Amino acid sequence: MALSAATLLTALAVLCTFFYILFYISSSKNGKGKGKGKAIPGPRPLPIIGNLHMLGMLPHQSLYHLAKKYGPMMSIRLGVVPTVVVSSPQAAEIFLKTHDAVFASRPRLQVLELIYNGKRGIAFTELGSYWRSVRKICNMTIFTASKIESFASTRKELLAHFIESLKEAASAKEVVNISKKIGALNEEMSLRMVLGNVKKYQGFNFKELIDEFTNMAGVFNLADAVPFLGAFDLQGLKARSKKLEEKLDKALETIIDDHEQHKQDDFVGTLLKELNQPMNNNGDIMDRNSIKAITLDIMVGALDTSAATLEWALSELLRHPRVMLKLQQELESIVGNKRMVEENDLPKLEYLDMVVKEIFRLHPVAPFLIPRESVEDIIIDDFYIPKQSRVLVNIWAMGRDTNIWSNNAEEFFPERFIDSNIDLHGHDFELIPFGAGRRLCPGKKLGLIVVKLILAQLVHCFNWELPSGMSPNELDMSENFGVSLPRKINLCVKPTYRM
Ligand code: HEM
């Protein structure tokens with residue numbers, strides 16, 4: 001029977017209290033480099049579970065509070081895994097720029113190893129010549145400006161249908177679950193670009209498969225924290241991974257077969273042009289497994305991120321009618337009120353740009369980026385960090401730092417970006433929602449287009465209110481921590497067409 005992580009942790013915590021007394025002295029060595037350097041400050045870990053019991057349901061928030069006590073470079077242990085939590089732009093720059101080559105690998109996580117062979121994709125693949133080659137090929141083929149531009153008409157067509165369906169809901173005075181609707185729109189936009197004619201593959205229900213994948217990857221897995229427990233599969237994740245792997249493999253094989261027969265210019269079709277080609281001089285070949293793993297990583301990267309950002313954006317605008325109105329005024333003056341927003345309007349919409357930055361600051365959908373792992377022992381500022389340490393960059397905490405954002409850091413106030421040259425390209429470490437360095441998100445350009453275009457259209461075409469006379473400050477803003485950080489409760493709203 002699969003046990004919940006909470007039950008297991010409680011049992012382990014009791015055992016550990018016992019061990020703690022016995023092994024007090026050894027546990028006090030937390031992070032010390034056996035004479036190589038100082039220990040990074042951090043809360044004392046328990047044997048076996050380390051600091052897992054301190055994380056709670058919202059680890060980014062728990063670690064934000066702990067970092068206030070221990071500082072922007074804090075040491076914890078996730079089970080037996082030494083982990084550094086980074087919570088300031090200065091520290092982030094040291095890890096993601098100065099020593100990026102040391103910290104640009106990814107940890108090997110059980111679920112990812114089992115499902116699609118974490119080693120052969122892009123996002124969860126360890127640093128090395130394989131990853132470098134995959135990344136280069138993807139940058140030169142599918143993430144180019146011209147490839148993204150070539151899907152502009154698809155985005156326009158899907159968005160027009162979406163607005164029509166909202167218009168119907170508005171005239172029927174319906175309350176719509178906008179979280180679900182945005183999710184479905186983003187899914188269709190992304191899958192059309194990655195897989196092409198998605199209707200053909202509807203039977204596989206990709207959304208369900210990806211949701212199962214992100215669900216499992218987001219679950220706290222004891223086997224990653226305490227590897228000797230992996231063999232027992234106490235949470236049943238190994239068995240679930242196997243089942244999911246079979247389903248995904250069947251779906252992706254069918255898609256590749258179909259693309260081999262009918263040449264297409266979507267991402268899969270573009271990657272297939274590289275099939276069986278050497279990727280580098282180290283003997284790596286772009287084989288079918290690589291294409292399947294890359295496709296899966298891209299779908300995971302594209303599906304939840306933009307949709308979660310958009311539901312947070314609309315939530316904040318509902319809570320701040322002044323900002324909503326100012327954005328509508330900008331759209332009226334640049335776009336007018338006779339047509340839809342076009343992608344080439346986006347660079348002219350300065351206030352929209354500030355609103356989106358403010359959303360990324362307060363609601364980063366990857367609050368720890370994607371966890372990094374160090375490839376060698378290193379000493380930073382006299383602190384010793386052993387090889388294979390996990391690094392979590394807490395950008396959620398950085399977005400709330402009053403030293404950077406002044407005393408109104410908790411407030412949604414897009415005007416803070418007036419006359420600021422902070423951009424989102426990974427150079428300004430105060431605001432790095434897409435990460436930085438070698439692992440910077442390759443879908444950044446696309447993600448920004450999708451978020452800005454849909455948000456602008458929603459605000460331009462409709463006025464929005466909360467149902468049943470709910471006042472904006474009653475809106476529940478709880479978060480749901482997993483692979484991404486969406487709203488805990490779907491956002492339901494009433495649109496009124498305003499064009
Ligand atoms: C609002 C939209 C998005 C946000 C906020 C976002 C954020 C991120 C972040 C924080 C990372 C980790 C960076 C690091 O470790 O330093 C990442 C990596 C990645 N993202 Fe995105 N992303 C978005 C959209 C997309 C889209 C649309 C795609 C694909 C079409 C995508 C594909 C990827 C991939 C493949 C990686 C892994 C890169 C690697 O490890 O080399 N992302 N993203």
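Numbering of ligands and ligand atoms starts at 1, following listing order. The first residue in the sequence is number 1, and the count goes up from there. This is a predicted model, so every value here is computed, not measured.
Counting heavy atoms under 4.0 Å from ligand 1, residue Val194 does not touch it at all. Proximity of Phe143 to ligand 1, defined as any heavy-atom pair under 4.0 Å, is confined to the side chain (atoms from C-beta onward).
One option in Arg135, Arg438, Met189 has a heavy atom closer to atom 39 (C) of ligand 1 than any other, and that option is Arg135. Comparing Pro442, Cys138, Ser190, Ala366 by heavy-atom distance to atom 34 (C) of ligand 1, the nearest is Pro442. Considering Arg439, Met193, Lys445, Arg372 only, the shortest heavy-atom separation from atom 13 (C) of ligand 1 involves Arg439. Among Pro364, Ser105, Pro433, the residue whose heavy atom lies closest to atom 7 (C) of ligand 1 is Pro433.
Considering every non-hydrogen atom in both Pro371 and Arg390, the closest pair reads CB-CD, 4.0 Å. Annotation for Asp224 and Gln110: closest pair OD1-N, 2.8 Å, computed over non-hydrogen atoms.
The neighbour count for Asn421 CG, taken as heavy atoms of other residues, nucleotides or ligands under 6.0 Å away, does not exceed 12. Lys200 NZ: more than 12 foreign heavy atoms inside a 6.0 Å radius. Annotation for Lys444: atom NZ counts as buried by contact number, over 12 foreign heavy atoms lying within 6.0 Å. Enclosure of atom CD in Glu342 by more than 12 non-hydrogen atoms of other residues, nucleotides or ligands within 6.0 angstrom is indicated.
The atoms of ligand 1 that sit less than 4.0 Å from any heavy atom of Ile370 are 12 (C), 15 (O), 18 (C). Heavy-atom contacts of Val365 reach the following atoms of ligand 1: 5 (C) (cutoff under 4.0 Å). Of all atoms in ligand 1, listed by their number and element, those nearer than 4.0 Å to a heavy atom of Ala436 are 16 (O). Taking every non-hydrogen atom of Ile298 and a distance limit under 4.0 Å, the qualifying atoms of ligand 1 come out as 29 (C), 30 (C).
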Working for side chain to side chain donor-acceptor pair (under 3.5 Å), residues Asn408 and Arg416: CA-CA 10 Å; Asn408 69 352; Arg416 71 178 76 245; 3.0 Å; yes
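By the 4.0 Å heavy-atom criterion, Arg106 is counted among the residues contacting ligand 1. Residue contact check for ligand 1: Asp297 places no non-hydrogen atom closer than 4.0 Å to it.
The shortest N or O to N or O distance between Trp131 and ligand 1 is under 3.5 Å. Between Lys444 and ligand 1, not a single N/O pair is under 3.5 Å apart.
Of the protein's non-hydrogen atoms, the one nearest atom 28 (C) of ligand 1 is Gly443 CA, 3.7 Å. With hydrogens left out, the protein atom closest to atom 25 (C) of ligand 1 is Gly301 O, 3.4 Å, a heavy atom. Nearest non-hydrogen protein atom to atom 20 (N) of ligand 1 is Cys441 SG, 3.2 Å. Closest to atom 24 (C) of ligand 1 among all protein heavy atoms lies Thr305 OG1, 3.5 Å. Given atom 6 (C) of ligand 1, the protein heavy atom at minimum distance is Phe434 CD2, 3.6 Å.
Atom CZ of Phe151 sits about 6.5 Å away from atom CZ of Phe267, to the nearest 0.5 Å.
Judged by the 6.0 Å distance and 45° axis criteria, Arg439 is positioned over the aromatic ring of Trp131. Annotation: cation-pi pair Arg400/Trp405 absent, no NZ/CZ under 6.0 Å from the ring centroid and within 45° of its normal.
Between Trp312 and His363, the angle of the ring planes stays under 30°, which puts this pair in the parallel group of the 30/60° scheme.
For His460 (side chain) and Leu327 (main-chain N/O), no donor-acceptor pair under 3.5 Å exists by modelled atom type.
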